[in-house]
Amino acid sequence: MNERSSVTELADILRREVERYPEGRKLPSSRALVERHQVSPVTVSRAVAVLAAEGLVVSRPGAGVFRAAAFAPPAAPTAPPPGRSGDLSWQEVALSADAGPRTPAAEPLLATLNVPAPGVVDLTGGYPHASLLPERLLAAALARAGRRPGAWDRPPVEGLTELRGWFARDIGGNGGPLDAGDVLITAGGQSALTVALRSLVAPGAPVLVESPTYPGTLAAAWAAGLRVVPVPVDADGVRTDLLAAAFDATRARLFVCQPLFQNPTGAVLSAERRAEVLRIARTAGAFVVEDDFARRLVHSDSPALPRPLAADDPDGVVVHLRSLTKAASPNLRVGALTARGPARQRLRATQVVDSFFVSRPLQEAALELVADPGWARHLRTLGAELRDRRTATVAALRRELPGLLGAFRPGGYHLWVRLPDGTDETALAAAALRAGVLVAPGRPYYAAEPPAPHLRLSYAGVDSPAHAAEGVHRLRRAYEETAVG
């Protein structure tokens, strides 16, 4: 059963039981509740926390959980106070005065963050399933971090020097072009991307992006008031001939790309094009924002990875984004922006205005995590698990929907499926949800009109290879339904 639904159900049961208890009566022990309701200790703990937040029970360390005194059932809803039910229609005018695509741009991001209903196979998720995350390592790292001297002091605005040094070595290599002074710690990759887009060019300026591209890039660019110019991607990454033409036509000073396991195509920028991207940007006097989101999601059967563009950039052209979040936990929102020269000061100034700094205990926990020998073991396990889920998804697609999947690379967490011309991908996604599987239509990955219909399937968020295959089986039923209709 879905963990979230288990907590809700147990909380409902305990809520009814508590109502029959006299004030101060002790609830059964956690062990007794685990045995009685056949749930995990975590589920019991979270359900009790729900009741405590509602004021129904109180927890006394070392003694147990008791019904709270003077409990009264929740009051029935009342009419809103004066002024709360006024005319809100003015907001429609106010919010449309700036015609940027704000809410629609965020919808694809929200779709990857929503928790699916119980029984629905999630092939849209942007994070590995909870069973693939190093919860014990994280818990131990957080506990050790909290005991570090000065762990609760205010950190430097740029981030802890030790963590910045680790990111510099991780990105540029030992003895590479980066050092701790070139790194700014951020609250995850999306925050880093937003800071970069708001810092490096002015509102109204053009920004070049890959096409298709990660919807979060489009959302952040539009929110920053930038004019998005798409540059097509093929199996070897961004088309450098078209990139050069786009720089010439727009005089843009910024290009955002994902050279490794590009989202959504999975393309890896070829060696020849890597050098061309840097040469073209340098000639144009432009920055390259390298979103290296998937470097820790390499599959165990993947060939050796190319170095980051930032590792081969002596001139400060590349602003690099790196995050621990996807490989560790959605809640470990620790990432890094690297830049050299005045650009770094611009990035720092923007982040200070936005958020001051990243929580020091979280930075300390990140340091503890990456220094733990278990971190490398976790990454190897994660690579094997992602390989197995990818293998199952690919096999299911070739069995259930032959001909729709083209070439793919062993890395990342998603596949890009080309649908037949004329397919209504939105209708197909809706039919898939009715069949019990979440998939992502391809349209939100394009800044302009898409050349063909697609689906993006993410296999990282499922709890097993078998469920990935089941999701594709349900998709086939939906595909047949929409094809017939």
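When a residue number appears, it is its place in the shown sequence, counting from 1.
By the 4.5 Å heavy-atom criterion applied to side chains, F167 and L324 are counted as neighbours. For the pair Y479/P420, a side-chain contact is recorded, criterion being any heavy-atom separation below 4.5 Å from C-beta on. Between F66 and V57 there is no side-chain heavy-atom pair separated by less than 4.5 Å. Here the side chains of L305 and L260 are in contact, with some heavy-atom distance below 4.5 Å. Side-chain contact between L438 and V121 is absent, with no heavy-atom pair separated by less than 4.5 Å. For the pair L475/L428, a side-chain contact is recorded, criterion being any heavy-atom separation below 4.5 Å from C-beta on. With contacts defined as side-chain heavy-atom distances shorter than 4.5 Å, the pair P230/Y446 does not qualify. Contact check for R474 versus E470: side-chain heavy atoms found under the 4.5 Å cut-off.
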How far apart are the C-alpha atoms of E425 and L419, what are their side-chain angles, what is the distance that settles it, and do they pass the side-chain contact (heavy atoms from CB on, under 4.5 Å) test? CA-CA 8 Å; E425 59 185 35; L419 300 171; 4.0 Å; yes
How far apart are the C-alpha atoms of D372 and R144, what are their side-chain angles, what is the distance that settles it, and do they pass the salt bridge (Lys or Arg N to Asp or Glu O under 4.0 Å) test? CA-CA 11 Å; D372 193 311; R144 293 194 301 271; 3.4 Å; yes
Before you tell me yes or no, could you show the steps for F293 and L321 under side-chain contact (heavy atoms from CB on, under 4.5 Å), namely the whole-Å CA-CA distance, both residues' side-chain angles and the distance that decides it to 0.1 Å? CA-CA 7 Å; F293 75 104; L321 281 61; over 6 Å; no
Could you please spell out the steps behind the side-chain contact (heavy atoms from CB on, under 4.5 Å) verdict for V288 and C257? CA-CA 7 Å; V288 174; C257 63; 3.8 Å; yes
Can you list the steps and then say if T482 with T423 is a side-chain contact (heavy atoms from CB on, under 4.5 Å)? CA-CA 8 Å; T482 55; T423 302; 5.6 Å; no
Could you walk me through whether R36 and E17 pass salt bridge (Lys or Arg N to Asp or Glu O under 4.0 Å), step by step? CA-CA 13 Å; R36 179 188 303 174; E17 292 182 357; 3.7 Å; yes
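Proximity of a side-chain donor or acceptor of H454 to a complementary backbone N or O of A452 within less than 3.5 Å is detected. Panel note: side chain S302, backbone P410; a donor-acceptor pair is recorded below 3.5 Å. Using a distance-only test at 3.5 Å, with no hydrogens or angles considered, no donor-acceptor pair links the side chain of R136 to the main chain of A139. Here the side chain of Q258 pairs no donor or acceptor atom with the backbone of Y214 at under 3.5 angstrom. No donor-acceptor pair closer than 3.5 Å links the side chain of H37 to the backbone N or O of V44. With Q363 contributing its side chain and L160 its backbone, the two residues share a donor-acceptor pair below 3.5 Å. When atom types are taken as modelled, the side chain of E385 and the backbone of R380 share no donor-acceptor pair closer than 3.5 angstrom. Panel note: side chain S458, backbone G125; a donor-acceptor pair is recorded below 3.5 Å. Under a 3.5 Å cut-off, the side chain of R239 and the backbone N or O of V233 do not form any donor-acceptor pair. Although no hydrogens or angles enter the test, the distance criterion places a donor-acceptor pair under 3.5 Å between the side chain of S199 and the main chain of V195.
Inspection of the Y445 and E210 side chains reveals no N or O donor paired with an N or O acceptor under 3.5 Å. Side-chain contact of S191 with T194: a donor-acceptor pair under 3.5 Å is absent, judged by distance alone. In the model, S300 has a side-chain atom that pairs as donor or acceptor with a side-chain atom of R387 under 3.5 Å.
The distance from the CG atom of N263 to the CG atom of D291 is 8.5 Å, given to the nearest 0.5 Å. Annotation: the span from L142 atom CG to N331 atom CG amounts to 10.5 Å, rounded to 0.5 Å. For the atom pair CG of L397 and OG1 of T393, the computed distance is 7.0 Å after rounding to the nearest 0.5 Å. Going from atom CH2 of W416 over to atom OG1 of T265 covers 8.5 Å, rounded to the nearest 0.5 Å. The CG atom of L309 sits 8.5 Å away from atom NE2 of H320, with the distance rounded to the nearest 0.5 Å. From K326, atom NZ reaches atom CG of L297 across 7.5 Å, with rounding to the nearest 0.5 Å.
Residues P361 and A145 share a closest heavy-atom pair of O-CB, 3.9 Å. The minimum heavy-atom distance linking Y459 with G412 is given by the pair OH-O, 3.6 Å. Taking all atoms of both residues into account, the shortest heavy-atom contact from A447 to V228 is CB-CG1, 3.6 Å. Shown here for A339 and R344, the closest heavy-atom pair between the two residues is O-CB, 3.6 Å. Heavy atoms only, all atoms of each residue included: L132 and A460 are closest at CD1-O, 3.8 Å. The minimum heavy-atom distance between S323 and G188, with the atom names listed, is OG-CA, 4.1 Å.
Relative orientation of the H299 and F261 rings is parallel, given thresholds of 30° and 60° on the angle between their planes.
Under a 4.0 Å N-O distance rule, the pair R434/E481 qualifies as a salt bridge. The pair R476-E480 counts as a salt bridge, with a side-chain nitrogen and a carboxylate oxygen less than 4.0 angstrom apart. Between R15 and E19 there is no salt bridge, since no side-chain nitrogen of the basic residue lies less than 4.0 Å from a carboxylate oxygen of the acidic one. Under 4.0 Å is where a charged nitrogen must lie from a carboxylate oxygen, and between R477 and E400 no such pair does. For R31 and E35, the salt-bridge test fails: no basic side-chain N is under 4.0 Å from an acidic carboxylate O. A salt bridge links E158 with R348: at least one charged nitrogen is closer than 4.0 Å to a carboxylate oxygen. At a threshold of 4.0 Å, the pair D354-R198 counts as salt-bridged, since one of the basic side-chain nitrogens sits closer than that to a carboxylate oxygen. Salt bridge E290/R322: absent, no basic N to carboxylate O contact under 4.0 Å. Salt-bridge annotation for R307 and D312: present, with a side-chain N of the basic residue lying under 4.0 Å from a carboxylate O of the acidic one. By the 4.0 Å N-to-carboxylate-O rule, D463 lies too far from R389 to be salt-bridged with it. The pair R390-D301 counts as a salt bridge, with a side-chain nitrogen and a carboxylate oxygen less than 4.0 angstrom apart.
Judged as a side-chain contact (heavy atoms from CB on, under 4.5 Å), and not counting sequence neighbours, the contacts of R398 are V394, F408. In terms of the side chain to side chain donor-acceptor pair (under 3.5 Å) criterion, T213 has no residue partners (sequence neighbours excluded).
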